[in-house]
Amino acid sequence: MSGEESHGKAAGVDLRNYQLVRDRERRISKPTKRLGEADLICYALNAAEDINRSDEPRSYKEALDSSDRHLWQGAMEEELEALKKNSTWRLVDLPKGKKVIGSKWIFKKKEATPGGEKARYKARLVAKGFTQIEGVDYHEIFAPVVKHCSVRVLMAIVAHCNLHLEQLDVRTAFLHGDLEETIYMKQPDGFAVDDRVCLLQKSLYGLKQSPRQWYRKFDDFLIKLNFKRCNYDDCVYTLNHGGETLYLLLYVDDILIASSDRGMIGETKARLADAFEMKELGEARRILGIDIKRDRPGGNLFLSQECYLQKVISRYRMGESKMANTPVGQHLKLTKEQCPKTEEERKKMESVPFSNGIGSIMYGMVCTRPDVAHGVSVLSQFMVNPGPTHREALKWMLRYIRGSLGTGLSFQNNFQGGGYIEGFVDSDFAGCMDTRKSRSGYVFTLFGTAVSRRSTLQSVVALSTTEAEYYALAEGVKEALWLKGLVRELGFDQKSVCVHCDSQSAIHLANHQIYHSRTKHIDVKLHFVRSIVESGDVQICKIASEENPADMLTKPLAKERFLLLLSRIGCLPVGH
C-alpha cells in the first residue's frame, strides 16, 4: 500500500471512492434537445398522414385483398408504365459482392375535392432507402420544400390582387432526378419476371437522395426560364415579364401558379409539360390537405381543413362529445406533478394515443388553425409521460375542434389598413408551473389575415415581466424581418413593419438608449431589437392588452374575448 493510500485509510477516507465522486462531479450533463419548428412540422405531417391512411392498404397483399383491388391493381400498372417510359431501371444479374436493396408498394387514396373532382387511387413504388449506406449509396440528401407560411402569403396576395390561381401535379416527380450512384434494387412485388435485379438509372421514391436530385433538376429548369428564386424561401419563384408577375410555389411535386395574366400561366404550364410529365388540375382547390374555397366576385379566399379535422374527431371517437368554446379551459392547470409516477399508472396511460392526438391537431395548427397554437404548445410538454389530467385537456381541445370544424383563414381584397404586414407580440410571466419559464406568442397578418404565428416557452427564465415581454418582442422582430423580405421580393415593398406590444416598459427599452442594472443581462437582445428599430425596418407600437391578438397565444381566455381576437386576424368560421 502506498503512503498516500495508507494516509487516506488512516484519515477514514477511501481515496478510490473519493476519486469516483470527483469524476461524477466533473461530468457535464447534456441539456434535452428541443424540437425546432421544422421538427414539429415533420412530426405533425407524420401524424396527419397516419390519420389520412386509416382506410388505405399498407402492403401489396392488403391491396389485393381489399374491396377496391381492381382500382389498386390499375394504379400499380399505371405506375409501372410510367417507370418503364422513364427508363428508370434495366434488369441485370447482380454482380458478385454487390448489395441489393428492397422495394415496396405505397398506396394513397386522394379524396374527392369540394369542386367535384373524383377520388383518385395512386400506387407508388418506393425503394427501401433505410438500407442505404452513407458515403456509398448516397451523399447529400437535403432538399427544401415551400414553407406553409409562404403558401399563406401567396393566398393573401392572390385574394388582395384578385389573381388567377392554378395547380399542377408532377407525375412521378422523383423519377426525373439524375442518379449519380450505382444502386441495385429487387423487382417489385407482384411484377417480378425472373431472378434478375433492377439497376437504377434514374432516381426513385424512397432513395435518400431522390428529393434533392428532383429539386436540383426542377430548380435548374426554372432558372433557365428566367425565374428568380426567392432569397427567403428556396421554393418560391417569381417571373416578371411585360409589367406582369407570375408566382410559382413548389412543395415536392405539387405546384401552385398565380398571376393576373392567363397567357403567362398558360405559357409556363406548356414549358413545364414539355420538360416533365405534368397533370393539370386547373383552378386550385386543395393543396397539402388544405381546402381552398374561393368567391372571386365577392373578393374572398377561404382556407380550411374541415375534412381532415373531421377525420381526426372520428379517429378519436369524439363525434358525439359535448362541444367546448375554447381550446384550453381556464380552469386547467397542467404540471408534471400530474404525470404518472408508478409503473401501474404508466400502464394505464399506454393505451391512450396522446402523442398521435397532439400531432394530428398540430397539423391543423401548422396550416390553417392559429386558434389552437397555444393549446398544442402547452400539451406538447407532456407527450413523453402524459397523465389523466393531460388526457382530459386533450379531449377538451378535441371537443373545441368538433364545434369549430369550419373555422379557417379568410383572405379578403378589401384591406384598408396602412402597412401590408402587421405584427402582434405578447408574453405571460412565469406561466410554466414546472420551470417558471414564460411563454412567448406572436402573430403576423398580411392584408389583415394571419400568415404567421408562434406560441412557445422561452429558453430562459425571465426575472421580470419587462424581460419576458422583451424576449417575446425580439422573436417577433426576427419574424417581421423575414416576412418583410419575403413580401418585398414578391412585389410589395413596405418601408417599416409595425409590431404591436402591450408592454410600455419593453417599448421604452426598444426605443431609448437607457441602460440599467436590472436589464444589462439581456444586453444582446437589447442591442439587436434597438438596432433594427433605429434602422427603420421595424416600429414598435403600443396596443391595449384587451385588443392584442397575441394574448390568446400565451394564456387561456374567456370565450367572448377569444372570439374577438380571432376575428382581428381573419380566423373565422366558413361563410363569415
Side-chain angles (χ1 to χ4, degrees), residues 36-37 147 149-150 153 156 230-233 415 417-429 438-448 450-456 458-545 547-551 553-554 568-569:
E37 185 77 4
K147 296 177 174 63
C149 179
S150 300
V153 166
C230 180
N231 292 315
Y232 295 86
D233 190 330
F415 177 68
Y420 308 126
I421 308 168
E422 197 171 14
F424 305 88
V425 300
D426 194 26
S427 171
D428 67 357
F429 177 59
S438 304
R439 186 174 301 278
S440 297
Y442 65 68
V443 59
F444 282 82
T445 62
L446 179 61
F447 304 122
V451 294
S452 177
R453 52 88 209 103
R454 194 178 188 193
S455 174
T456 184
Q458 296 175 1
S459 59
V460 296
V461 178
L463 303 180
S464 65
T465 55
T466 298
E467 184 179 347
E469 294 278 2
Y470 205 83
Y471 285 147
L473 184 59
E475 294 302 312
V477 167
K478 289 191 289 185
E479 185 69 7
L481 292 176
W482 181 82
L483 266 176
K484 182 175 182 288
L486 175 66
V487 172
R488 182 181 65 246
E489 291 200 354
L490 297 181
F492 296 85
D493 195 7
Q494 183 171 339
K495 183 178 179 181
S496 182
V497 176
C498 183
V499 177
H500 298 273
C501 177
D502 58 15
S503 171
Q504 190 64 58
S505 56
I507 296 173
H508 195 67
L509 275 176
N511 289 329
H512 302 287
Q513 295 280 355
I514 295 176
Y515 289 91
H516 194 281
S517 59
R518 295 180 181 178
T519 59
K520 62 184 180 182
H521 59 290
I522 56 174
D523 199 36
V524 174
K525 283 186 170 58
L526 196 68
H527 279 86
F528 166 71
V529 174
R530 189 173 290 160
S531 66
I532 298 301
V533 171
E534 289 177 353
S535 70
D537 289 328
V538 172
Q539 292 180 345
I540 312 299
C541 310
K542 182 70 171 71
I543 188 174
S545 296
E547 297 177 0
N548 188 358
D551 199 33
L553 301 175
T554 62
R568 286 181 60 87
I569 60 172

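As the structure is a prediction and not an experimental result, all values here were calculated from the model. Numbers here simply count residues along the sequence, with the first being 1.
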Can you name the nearest heavy-atom pair linking L473 to A510, along with the distance? CD2-CB, 4.2 Å
Suppose we screen for side-chain hydrogen bond (donor to acceptor under 3.5 Å, both in side chains). Which residues come up paired with D537, at least two apart in sequence or across chains? S535
Would Y471 and E467 count as having a side-chain donor-acceptor pair, cut-off 3.5 Å? yes
Kindly indicate whether the side chain of V477, heavy atoms from C-beta on, has any atom under 4.5 Å from the side chain of I540. yes
Return the set of residues passing side-chain contact (heavy atoms from CB on, under 4.5 Å) with S452 (not counting sequence neighbours), or none when no residue passes. C149, Y442, F444, E479, L483
Who passes side-chain hydrogen bond (donor to acceptor under 3.5 Å, both in side chains) against Q494, sequence neighbours left out? none
Applying salt bridge (charged side-chain N to carboxylate O under 4.0 Å, His left out), name anything that partners D233, two or more places apart in sequence or on another chain. none
So the salt bridge (charged side-chain N to carboxylate O under 4.0 Å, His left out) pairs with at least one residue in residues 488-508 (sequence neighbours excluded) are none
Can you name the closest pair of heavy atoms from Y470 and L509 and give their distance? CE1-CB, 3.6 Å
Please find the pair of heavy atoms, one from A480 and one from V497, that lie closest to each other, and give the distance. CB-CG1, 4.1 Å
Would you say S455 and R439 make side-chain contact, with heavy atoms under 4.5 Å? yes
Look up atom CG in L553 and atom CD1 in I569, then write down how far apart they are to the nearest 0.5 Å. 7.0 Å
Sorted by chain and residue number, the side-chain contact (heavy atoms from CB on, under 4.5 Å) partners of E422 (sequence neighbours excluded) come out as F424, T445, H500
State, yes or no, whether a side-chain contact exists between K478 and F528 at a heavy-atom distance under 4.5 Å. yes
For F415, what residues pass the side-chain contact (heavy atoms from CB on, under 4.5 Å) criterion, not counting sequence neighbours? H160, F447
Provide the closest heavy-atom pair for A468 versus Q458 in the form atom of the first, atom of the second, distance. O-NE2, 2.9 Å
Check S440 against T554 and note the closest heavy-atom contact, atom names and distance. C-CG2, 4.1 Å
Correct closest heavy-atom pair for C501 and E469 would be SG-OE1, 4.2 Å
Could I get the full list of side-chain hydrogen bond (donor to acceptor under 3.5 Å, both in side chains) partners for S505, not counting sequence neighbours? T466, S503
Between S545 and D551, is any pair of side-chain heavy atoms under 4.5 Å apart? no
Taking only residues two or more places apart in sequence or in another chain, which ones pass side-chain contact (heavy atoms from CB on, under 4.5 Å) with S496? Q539
Rounded to the nearest 0.5 Å, what's the gap from NE2 on H508 to NZ on K542? Could you check? 14.0 Å
